[in-house]
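Here is the structure we will look at.
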There are 2 protein chains.
Amino acid sequence: MTGDSSRAFVPGHVTGFFSVHEADDPEQAGSRGAGLTLSEGVTVEVEPAAETSMQLNDEPAAVEAVTRVLSDLGVEARVTATTDLPVGAGFGVSGAAALGTALAANRSFECGRSENELVAIAHAAEVEAGTGLGDVVAQARGGVPVRLDPGAPEYGRMDGVPARTRVEYLTLGERSTSEVLAGNTDRLSEVGVDKLVRLVEEPTLPTLMAASREFAREADLLTPEIAGVLSEVEEAGGEAAMAMLGETVFALGNGLSRAGYDPETCETHPSGATLKMD
Amino acid sequence: MTGDSSRAFVPGHVTGFFSVHEADDPEQAGSRGAGLTLSEGVTVEVEPAAETSMQLNDEPAAVEAVTRVLSDLGVEARVTATTDLPVGAGFGVSGAAALGTALAANRSFECGRSENELVAIAHAAEVEAGTGLGDVVAQARGGVPVRLDPGAPEYGRMDGVPARTRVEYLTLGERSTSEVLAGNTDRLSEVGVDKLVRLVEEPTLPTLMAASREFAREADLLTPEIAGVLSEVEEAGGEAAMAMLGETVFALGNGLSRAGYDPETCETHPSGATLKMD
């Protein structure tokens, strides 16, 4: 099958709260926290090529995590990623592109890596590119992932909130993950660990959403625009939180539309990243 | 939502090879090995009831692992399981029923357990009932699960073969898992660990199938009927193996039909066990 193109689908992921854990080894670095994976995601096609190139939604794109994955696997390929998710708005598009590239390239080039190895390669690529710390392992698992310990599968530890729900989301603008992560994250991480302890005690969707709202406020990441939307959803009796890190609000059920907004709609993704059938 | 009925779907699982690992704590006991999860599986509905009862495909049934799960969660329910898979033929139907019951009961009764906790409850129930050692953790993961270390999520360690494929299967009769597991499993386990080492070195579907065929032969589990079918699939250029533990052959792609058999058809299941949307 070497030389054939392969495709993978990776769900989007919104993080509700997190803490940053640095380490020299990018497979051991990462974040703890929790969020939702989404039925909207990124479809990645990998075709062997003389020289690596990438397109995102029909435009030439440079996603550093993707080129790092290909280089780690020692292959050159044309990568075509398509998504209906907003880019740069907290949906883990770069992590999805990296993980989808790893899965599809492994098949096209018969690299013979295991799932954990491919997740580790994509996770390390995201960490080294500075574009994410926990999306890849969450996107590999699917559902409502809880990252108990940071890092790639060999080091990290995960659990999940056993729930499945309709999700609405609304993006107000872009925010750079790498800029926030490059700043002082001590306070943010302290709050994030507090919220994780709370969710582990009560692993339910309402607790996840409440902990996420508190995190955004206590970690000083809430913008006035996002705060306004959250209040209106709450007044309308819904559950919403801010996607980390993006100018994005996500809500359970019809929380945003009931508050008068015109959101995009999807649901939690049951499966996590998968190859597409040939 | 307490009091409402909830539904879960759990994929079937055929094991290709395994080793037995005993422990006093049922969450630490289990098996290592590998197999395929299947898009055919068990749908489980749980409704709160005055007294626990269970039906499997519209017949009253007593699946000990299911009653153990309900009792562990401290609830009484009417459990209705339906499946197109053969029962008692190596497809992990009892494990699927136990895990589906755990997921659905947790939602109906708002038990507030995490995914790992629910998998642990179902795994321990299967081990204590003597009906399985590794199906539940495999069914929770989906795909082509590799059980690197035995036990529930807190103790076990898993990986996966990154592949997705059409699967055919043919059942020739029934075989009791508990009878085999009650015998001396030392030799079987020695062979099973050898095969796991081989698959970890080369985590691909062809290696999984070859290691599984060798396991069945070297562990003396092959019946003449199954051996006959495997030879014919091989002669027709296909890849098949025996499901542990059942009088069942499973094959990749169209391996069985190409050899002239009239098998059931499904594919590997990308997701693992999931709640159904409300």
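Bear in mind the structure is a predicted one, so any value in this text is a computation, not a measurement.
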Under 4.5 Å from any heavy atom of chain A, what part of [X] do you find: side chain, backbone, both or neither?
X        : value
B:Leu275 : both
B:Ala163 : backbone
B:Thr165 : backbone
B:Glu267 : side chain

Subject >> B:His21 ring center within less than 6.0 Å of B:Tyr155 ring center >> reply: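 No, too far apart.
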Does any heavy atom of chain B fall under 4.5 Å from the side chain of [X], the backbone, both, or neither of them?
X        : result
A:Ala8   : neither
A:Arg141 : side chain
A:Pro270 : both
A:Asp159 : both

Donor-acceptor check, side chain of [X] to backbone of [Y], threshold 3.5 angstrom: yes or no?
X        : Y        : result
B:Glu40  : B:Pro11  : no
A:Arg258 : A:Gly237 : yes
B:Ser257 : B:Asn254 : yes
B:Glu168 : B:Leu256 : yes

Original post:
If you tally heavy-atom pairs under 4.5 Å against chain A, which of B:Leu199, B:Thr204, B:Val161 wins?
Top reply: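 Most heavy-atom pairs under 4.5 Å with chain A: B:Val161.
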**OP:** Could you tell me which residues in residues 207-215 of chain A have at least one non-hydrogen atom under 4.5 Å from a non-hydrogen atom of chain B, sorted by residue number?
**Re:**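 So no residue qualifies.
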**OP:** Mind checking side-chain contact (heavy atoms from CB on, under 4.5 Å) for A:Ala152 and listing every partner two or more places apart, or none if nothing turns up?
**Re:**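 If we apply the side-chain contact (heavy atoms from CB on, under 4.5 Å) test to A:Ala152, skipping adjacent residues, the hits are A:Glu27, A:Ala120, A:His123.
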**OP:** Give me the one residue out of A:Glu45, A:Arg107, A:Arg78 that meets side chain to side chain donor-acceptor pair (under 3.5 Å) with A:Ser5.
**Re:**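 It is A:Glu45, the one option of A:Glu45, A:Arg107, A:Arg78 that forms the side chain to side chain donor-acceptor pair (under 3.5 Å) with A:Ser5.
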**OP:** Consider only side-chain N and O atoms of B:Ser271 and A:Ser271, and report whether a donor and an acceptor are under 3.5 Å apart.
**Re:**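 Per modelled atom types, B:Ser271 and A:Ser271 side chains form no pair under 3.5 Å.
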Original post:
Within a strict 4.5 Å, meaning less than it, do heavy atoms of the A:Phe9 and A:Lys276 side chains meet?
Top reply: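 In short, these two side chains touch, coming nearer than 4.5 Å.
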Subject >> Taking every non-hydrogen atom, the tightest pair across A:Val137 and A:Pro153 >> reply: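 Heavy-atom minimum between the residues: CG1-CD, 4.5 Å.
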